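I have placed the structure first, in the form of structure tokens, so that the comments after it can refer back to it.
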Amino acid sequence: MAKIKIDINSGKVVKPNIVVGIDLGTTNSLVAWINPQTNKAEVIVDEWGALLPSVILLKPNSEPIVGVLAKETLLEAPERTIFSVKRLLGISQHEIASVQQFLGYHIVEDETDSMLRIQVDENFYNAVELSAMILRALKHKAEKVLGVQVFQAVISVPAYFNDSQRQATRDAGKLAGLNVLRIINEPTAASLSYGLGLNRTVSQTILVYDLGGGTFDISILQIEDGVFEVLATQGDTRLGGDDIDHSIMAFWQGKYPALVNCANPRDIQALRLLAETAKIFLSNNTDLIFTEWFEFSNNSAAQSEDIEPVKIEKVALSLDYGGLVTAAKALVLKTQACIVAALRDASLKPSDIQALVLVGGSTRYPEIPRVLSAQFPHLIINNFLNPDEVVALGAAIEADVLAGNREDILLLDITPLGLGIETAGGLMDLLIPRNTKLPCRVRREYSTSVDGQINLQIAVFQGERGMVKENRKLGEFILKGIPAMPAGFPKIEVIFALNADGLLTVYASELRSGVSQNIEIKPQYGLSDEELERMLLDGFEHAQSDLQARGLQETINEAQQLIYSVSRFIAKNTGMLSATQLADTMQRIDSLKRLLNIGSNKDALLQGITALNDFTRPFAENLMNIAVASALKGKEI
Ligand code: ADP
Ligand code: MG
């Protein structure tokens, strides 16, 4: 019996809060959830199955069609059928050149470095919008099958995705009407689906081998105390099952000269799909031979309204498992080399790997587990779950954690905004830059700027701006009871410790006396996605002016500090200086003060600082020598 929750204030039935896990793939995408009845992760299946082909058909004046129907139109309308969108996220025109020949659609030739665009009819689309179409289709699929609305999701991305690619994925989620609770690394999700990392007492080093349609990723993960850390990633963003398909096509084109005439986009796509069919067939039937008739028009202009009648040609294509192995040889070798490189990056030997997880449809090709067994003879390979589904299942498990349903796992995350403290003049001194992996710990030393200072205020801020007043104050405390010492003498150590939950603890202590103090802060508390985004954007927008403001403030601080220390020096050593030395020094101090008071620019201040510094340095050094000499004689000055 399912339980029903009722809100006693409104008297309304509370709909269960469902957070789905999404694998937004290059070739196929999936959505999964934790079935509350069984408490197990399940992929959501509709009448089309579990996999939603990541293919979009864009027709004029109609909603985009995503999935199987769109994949089928690759043949009829390659110019308006978009696939491999994930490859377009965060890349430039220059990089797309290598795959352009296999894409039937039009990528806008653009001189700028801006986001890549696709043109269909009169409309332009970027990769974020296209990804959002796929995500919206997954959202609808889940809502249709589960019968509830879905607003929250965890979306997976490759471990190597950079910040802008992760942000683009988040943006796509938002555009699709989803609140993206977290972006999870695909290898982390795959490991979770096998239960790796769920037992907090077990520490393990895992290698995740993900061979999909168009991408290959190796990740070495370290799980400790339920926390995942990526030790190394390797791979190739242009390597995958598609390469086997292309290689089979090339093999056939060499073997059957008639295929020279197979040139129009529609026929090329048909040949590509047939190559894929052959590959999958032989992977499942290694001792059979694949044979199929292939028909194509031998007129490359056949797509246009050419008056010439289209002549049809027919070729009987065939392939056996040996042919497949030959076609896939280069790919398999490349993936093996990547494993070696990943192990080297992580400074590990094959025997250090304690678990191996296979992900991606292409790992069903039997040669893959075979060569991996040879490379890692001590391991049992985790490939008993469906390699297409493990990422989505793991994302669903993570979604469940974030929904607050499980407390046994923590996942390594990154800080979205920088964390620091306020220093003299309202400057933001950054201790933890944004995108630092959690958990982390940073220590920095400070001192006092005034003689005899016994209290020090530590104010903690979050944000990307140079001055604290533009950032968000998280909290403050006062380090009290510092023994009175000359300015610059106390050694004040500040430590920022951010744990895996994102909880920040700030410690401050004066090292000479041992006085210490600390506070705990939740940096993300009460910060919405929109605010977070605005703070990030503000940081980018003002980067240049912030740098200038910061430079000026640092110079002001330097001038004030110099005035303070020279005045102190003169007060202490009045008797040792001539009347002219004194008068000239005072005059330079006054003119520097005046520059500060009238709010001068950085250059004017720097000149004032130099004038005072250059004048006082010779006699200060002279006095220092006397001081050192008398100190050596055991006298006090
Ligand atoms: P992606 O992560 O890029 O979306 P998938 O993990 O869905 O990709 O894998 C898709 C690839 O897996 C395609 O190249 C497909 O041809 C290949 N594939 C699927 N099933 C098999 C199989 N039985 N044998 C070999 N390759 C397969
Ligand atoms: Mg994948």
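Small disclaimer: the values here were computed from a predicted structure and weren't measured. Numbering of ligands and ligand atoms starts at 1, following listing order.
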Does ligand 1 come near enough to Leu211 that some N or O of the ligand is less than 3.5 Å from an N or O of the residue?
no
Distance from Leu58 atom CG to Met133 atom CE, nearest 0.5 Å?
5.0 Å
One finds that the ligand 1 atoms under 4.0 Å from a non-hydrogen atom of Asn284 are 23 (N)
Atoms of ligand 1 close to Gly241 [distance to a heavy atom under 4.0 angstrom, numbered from 1]
14 (O)
Using atom types as modelled and distance alone, determine if a side-chain donor or acceptor of Asn185 lies under 3.5 Å from a backbone N or O of Pro187.
no
Selected option - heavy-atom contact closest to atom 27 (C) of ligand 1, from Gly25, Ala328, Gly361:
Gly361
For Leu178, does its backbone N or O pair with a side-chain atom of Lys139 as donor and acceptor, under 3.5 Å?
no
Asp245-ligand 1 polar pair, N/O distance under 3.5 Å
no
Tell me the contacting part of Asp23 for ligand 1: side chain, backbone, both, or neither, using a 4.0 Å heavy-atom threshold, strictly below.
neither
Gap between atom CD1 of Ile223 and atom OG of Ser191 - 0.5 Å precision:
5.5 Å
Which residue holds the protein heavy atom closest to atom 14 (O) of ligand 1, what is that atom called, and what is the gap in Å?
Lys279 NZ, 3.2 Å
How close does the nearest protein non-hydrogen atom get to atom 8 (O) of ligand 1, and which residue and atom is it?
Gly213 N, 3.1 Å
Only heavy atoms count here, so choose which of Thr27, Val391, Asp217, Asp388 is nearest to atom 1 (P) of ligand 1.
Thr27
Atom 2 (O) of ligand 1: which protein heavy atom is closest, and how many Å away?
Gly212 CA, 4.1 Å
Can Thr363 and Tyr209 be counted as having a side-chain donor-acceptor contact under 3.5 angstrom?
no
Distance from atom 7 (O) of ligand 1 to nearest protein heavy atom, with residue and atom:
Asn28 ND2, 3.1 Å
Looking at ligand 1, would Ser362 count as a contact under a 4.0 Å heavy-atom criterion?
yes
Check: Ile118 main-chain N/O paired with Tyr105 side-chain donor or acceptor under 3.5 Å:
no
Could you find the nearest protein heavy atom to atom 15 (C) of ligand 1 and give me its residue, atom name and distance?
Glu276 OE2, 3.2 Å
Please confirm whether Thr215 comes within less than 3.5 Å of ligand 1 when only nitrogen or oxygen atoms on both sides are compared.
no
Does the side chain of Thr233 come under 3.5 Å of the side chain of Asp217 through a donor N or O and an acceptor N or O?
no
Rounded to the nearest 0.5 Å, what separates atom CD in Glu313 from atom SG in Cys262?
9.5 Å
Any side-chain donor paired with an acceptor under 3.5 Å for Arg272 and Gln269?
yes
Between Asp46 and Lys144, is there a side-chain N and carboxylate O pair less than 4.0 Å apart?
yes
May I ask you to identify the nearest protein heavy atom to atom 25 (C) of ligand 1, giving residue, atom name and distance to one decimal place in Å?
Ser283 OG, 3.4 Å
Taking only heavy atoms of Gly360, which atoms of ligand 1 are found under 4.0 Å from at least one of them?
6 (O)
Around atom 22 (C) of ligand 1, find the nearest protein heavy atom and jot down its residue, atom name and distance.
Arg364 CB, 3.6 Å
Does any N or O in the side chain of Trp252 come within less than 3.5 Å of the main-chain N or O of Ser318, such that one atom is a donor and the other an acceptor?
yes
